[in-house]
Amino acid sequence: MINRVQGTLFPTNVSSSQTKPAEAQQAFADFLKKAINQLNEEQVSSDMLTTKLAKGENVDLHQVMIASQKASISLQLAVEVRNKVIEAYQEIMRMQV
């Protein structure tokens, strides 16, 4: 997920004067939607594998643990990004105009 964050939000060869605010807003919204959808897919996959393991179905314990850790780390990353965004917003709101 971190690799997708670096360099995929906006092309680096386009200057900021060429990007309109509406385009930037839409690109950022699309990026967030994709990231949240992937996070959800990882959580669902982890839940499905855990359920299969609990039912006694033929599933590899290693795969269950790997999926669980991927989902956990992705969720932790999302929470930390959210915290940083909220912190930045609060800092902007404290600025005097």
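Everything numeric in this text was worked out from a predicted model, so none of it was measured.
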Point to revise | Qualifying residues under side chain to side chain contact (heavy atoms under 4.5 Å, CB included), relative to Asn83, sequence neighbours excluded | key: Val79, Glu80
Revision key, fill the gap. Going by chain and number, the hydrophobic cluster around Ile73 (ILVMFWY, side chain to side chain under 4.5 Å) further includes none
Study note, to complete from the structure: Sequence neighbours excluded, the answer for side-chain hydrogen bond (donor to acceptor under 3.5 Å, both in side chains) partners of Asn40 is none
Review point. What's in the same ILVMFWY side-chain cluster as Tyr89, cut-off under 4.5 Å, chained through other members?
Key: Met93
Revision key, fill the gap. Between Gln18 and Glu23 the two heavy atoms that sit nearest each other are O-OE1, 4.1 Å
Check: residues 48-69 side-chain donor-acceptor pairs under 3.5 Å, at least two apart:
from  : atom 1 : to    : atom 2 : distance (Å)
Thr50 : OG1    : Ser46 : O      : 2.8
Thr51 : OG1    : Asp47 : O      : 2.8
Asp60 : OD1    : His62 : ND1    : 3.4

Exercise for review: Please list, chain by chain and in numerical order, all residues satisfying side-chain hydrogen bond (donor to acceptor under 3.5 Å, both in side chains) with Gln26, sequence neighbours excluded.
Suggested key: Asp30
Exercise for review: Could you tell me which non-hydrogen atom of Ser72 sits nearest to which non-hydrogen atom of Gln43, and how far apart they are?
Suggested key: N-NE2, 4.4 Å
Revision key, fill the gap. Looking only at heavy atoms, the pair that brings Leu39 and Ala71 closest together is CD1-O, 4.4 Å
Point to revise | Any pair counted as salt bridge (charged side-chain N to carboxylate O under 4.0 Å, His left out), so long as it reaches residues 81-95, sequence neighbours left out | key: Glu91-Arg94
